[in-house]
Amino acid sequence: MTKLPGEIAWTLINTEDWGGGLERTYRADNVEHAGCGGDVLLVHLHDEMDGITGAHSRCAKCGEDLTA
């Protein structure tokens with residue numbers, strides 16, 4: 001199961017097969033990007049065994065990389 005940061009309420013909004021596993025995109029329900037007020041997205045890349053191989057975060061409105 002995917003571990004998501006607990007302080008944020010996340011909703012799965014999209015799942016795509018990227019050829020080597022799944023890409024799952026989550027939207028933060030209770031957080032907005034401070035720079036523009038857009039939705040904060042978290043993307044997890046999964047391998048064929050459903051392990052997370054990469055993760056990044058970005059703003060859905062302005063596209064800024066929010067990965068810490």
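Quick note: numbers below take in every heavy atom, side chains included, and nothing from hydrogens, waters or symmetry partners.
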**Q** Taking side chain to side chain donor-acceptor pair (under 3.5 Å) as the test, write out the residues that go with Thr15, two or more places apart.
**A**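 By the side chain to side chain donor-acceptor pair (under 3.5 Å) rule, Thr15 matches no residue at all.
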**Q** Show every side-chain hydrogen bond (donor to acceptor under 3.5 Å, both in side chains) that has at least one partner inside residues 59-68, sequence neighbours left out.
**A** His33-Glu64, Asp65-Thr67
**Q** What distance separates Asp39 CG from Ile13 CD1, expressed to the nearest 0.5 Å?
**A** 7.5 Å
**Q** Is Thr53 reaching over with its side chain to a backbone N or O of Leu45, donor-acceptor style, under 3.5 angstrom?
**A**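 Pair found, side chain donor or acceptor close to backbone of Leu45.
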**Q** What's the separation between atom CG in Asn14 and atom CG in Leu22, rounded to the nearest 0.5 Å?
**A**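 Reported value, rounded in 0.5 Å steps: 10.5 Å.
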**Q** State the CD1-CZ distance between Ile52 and Arg24, to the nearest 0.5 angstrom.
**A**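 Rounded to the nearest 0.5 Å, the CD1-CZ separation comes out at 8.5 Å.
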**Q** So, does Asn30 use its side chain to make a donor-acceptor pair with the main chain of Ala9 at under 3.5 Å?
**A** yes
**Q** Measure the spacing between CH2 of Trp18 and CG of Asp47 and express it to the nearest 0.5 Å.
**A**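 Answer rounded to 0.5 Å: 7.5 Å.
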**Q** Identify the heavy atoms of Gly38 and Cys59 that sit nearest to each other, and give their distance.
**A** CA-SG, 3.9 Å
**Q** By side chain to side chain donor-acceptor pair (under 3.5 Å), which residues pair with Glu32, not counting sequence neighbours?
**A**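 Not a single residue meets the side chain to side chain donor-acceptor pair (under 3.5 Å) criterion with Glu32.
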**Q** Tyr26 and His44: which non-hydrogen atoms are nearest, and at how many Å?
**A** CE1-ND1, 4.1 Å
**Q** Evaluate the side-chain contact (heavy atoms from CB on, under 4.5 Å) criterion for residues Val43 and Glu16: first the C-alpha distance (whole Å), next the side-chain angles of each, then the deciding distance (0.1 Å), finally the verdict.
**A** CA-CA 11 Å; Val43 179; Glu16 292 183 35; over 6 Å; no
**Q** Please identify each residue that fulfils side chain to side chain donor-acceptor pair (under 3.5 Å) with Asp17, with sequence neighbours left out.
**A**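 For Asp17 there are no side chain to side chain donor-acceptor pair (under 3.5 Å) partners, ignoring immediate neighbours.
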**Q** Taking only residues two or more places apart in sequence, or in another chain, which ones meet Glu48 in a side chain to side chain donor-acceptor pair (under 3.5 Å)?
**A**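 Counting only residues at least two positions away or on another chain, Glu48 forms no side chain to side chain donor-acceptor pair (under 3.5 Å).
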**Q** Report yes or no: do Leu41 and Val31 belong to one cluster of Ile/Leu/Val/Met/Phe/Trp/Tyr joined by side chain heavy-atom distances under 4.5 Å?
**A** no
**Q** What residues form a salt bridge (Lys or Arg N to Asp or Glu O under 4.0 Å) with Asp29, not counting sequence neighbours?
**A** Arg27
